[in-house]
Amino acid sequence: MTHVESYRGHQRRLANNPADRQRTGLSNRAEVLILLIVWSMLLLSVQPWSVSDSVGGSDSSSTLKGAVLLGCLLTLLIALPPRSSFKVPFPLAIYLLFAVYLVLSAGLVPNSTSVLIRSVRVGVGILIPVLLWPIVVKNPVRILYVNLVAYALLGMSVVAGLVARPSTAWLDGKPFSAGGRLMGHFCR
């Protein structure tokens, strides 16, 4: 059974078509679930609600954020079927080259573990959309809905943390009137 969607005058077959399913080898629900999990983890690791110093993050928080990104990458590598050809869209190829340059140049700086960890984080953060590209290209509107749901889950966790433990929901324990930033109790 083929389902056809009209999008700005163009007709497009959706994932119920077996030819489209061969592109990733996953069902429509599995693709949405993978996209939602990875995108939510990605948003959690880059949002200002995650623990960091006011100056820009400590080495331990940077390492933990990198671990979350590596978890996203491993989730994608395990869940997505292997591809015979690794197709990278041109704009993302430029960003991947930048990430390679960044990691190599950070490796040449003496005593720069922090810079190297952050540059690897940037590289992994750029590699994740490259791996998600076949899922996103199949139905481009899907990423908008997944992004909406991921931000709604993140916002609800911040509000739930504010309700559950109001004293720990603010960064450094300062309330908003004293210049504090709401980060939620569960996003630590």
Side-chain angles (χ1 to χ4, degrees), residues 23-26 31-155 157-158 171-172 181-184 186-188:
R23 189 183 275 181
T24 60
L26 299 170
E31 287 178 353
V32 170
L33 187 63
I34 289 169
L35 193 60
L36 181 63
I37 290 170
V38 170
W39 201 255
S40 298
M41 288 171 56
L42 186 66
L43 287 180
L44 185 63
S45 71
V46 298
Q47 289 301 317
W49 295 299
S50 54
V51 175
S52 63
D53 295 337
S54 304
V55 179
S58 64
D59 286 340
S60 63
S61 70
S62 183
T63 305
L64 289 175
K65 290 177 185 180
V68 170
L69 284 174
L70 284 176
C72 291
L73 184 68
L74 289 176
T75 301
L76 282 175
L77 291 176
I78 290 170
L80 294 177
R83 293 186 203 96
S84 58
S85 62
F86 189 67
K87 295 180 182 177
V88 179
F90 181 71
L92 291 178
I94 293 172
Y95 283 116
L96 280 176
L97 287 175
F98 170 71
V100 169
Y101 170 76
L102 189 64
V103 169
L104 291 176
S105 62
L108 295 175
V109 177
N111 299 329
S112 64
T113 308
S114 174
V115 175
L116 185 62
I117 288 172
R118 290 176 190 214
S119 62
V120 168
R121 270 183 44 210
V122 168
V124 171
I126 291 171
L127 188 60
I128 289 172
V130 170
L131 292 174
L132 287 175
W133 188 254
I135 294 175
V136 173
V137 167
K138 238 168 54 171
N139 190 358
V141 178
R142 183 184 301 164
I143 191 71
L144 297 174
Y145 293 120
V146 166
N147 199 18
L148 178 70
V149 170
Y151 270 114
L153 290 173
L154 189 60
S157 71
V158 169
L171 182 65
D172 299 329
R181 186 173 73 184
L182 180 64
M183 62 179 268
F186 301 114
C187 294
R188 292 176 177 257

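When a residue number appears, it is its place in the shown sequence, counting from 1.
Looking only at side-chain heavy atoms (C-beta outward), Ser119 and Leu116 come within less than 4.5 Å of each other. Residues Ile135 and Leu80 form a side-chain contact, since some pair of their non-hydrogen atoms from C-beta on lies under 4.5 Å apart. A 4.5 Å side-chain heavy-atom check between Leu35 and Arg142 finds at least one atom pair inside the cut-off. Val149 places none of its side-chain heavy atoms less than 4.5 Å from the side chain of Trp39. Inter-residue side-chain proximity for Met41 and Leu69 is flagged as unmet; no heavy-atom pair is nearer than 4.5 Å. Ser157 has its side chain within reach of Leu154: a pair of non-hydrogen atoms, C-beta onward, lies under 4.5 Å apart.
Nearest approach of Ala99 to Gly123, heavy atoms of both residues: CB-CA, 3.6 Å.
Separation of atoms CG (Leu132) and CG (Leu42) is listed at 8.5 Å; rounding is to 0.5 Å. In this structure, Asn139 CG and Leu144 CG are separated by 9.5 Å, a value rounded to the nearest 0.5 Å. To the nearest 0.5 angstrom, Leu97 atom CG is 12.5 Å from Leu102 atom CG. We find the CG-CG distance between Asn147 and Leu43 to be 6.0 Å, quoted to the nearest 0.5 Å. A distance of 8.0 Å separates CD1 in Ile128 from CG in Leu70, rounded to the nearest 0.5 Å. Rounding to the nearest 0.5 Å gives a distance of 6.0 Å between CG of Leu92 and CH2 of Trp133.
Between Thr113 and the choices Val115, Val109, Ile117, the side-chain contact (heavy atoms from CB on, under 4.5 Å) rule is met once, by Ile117.
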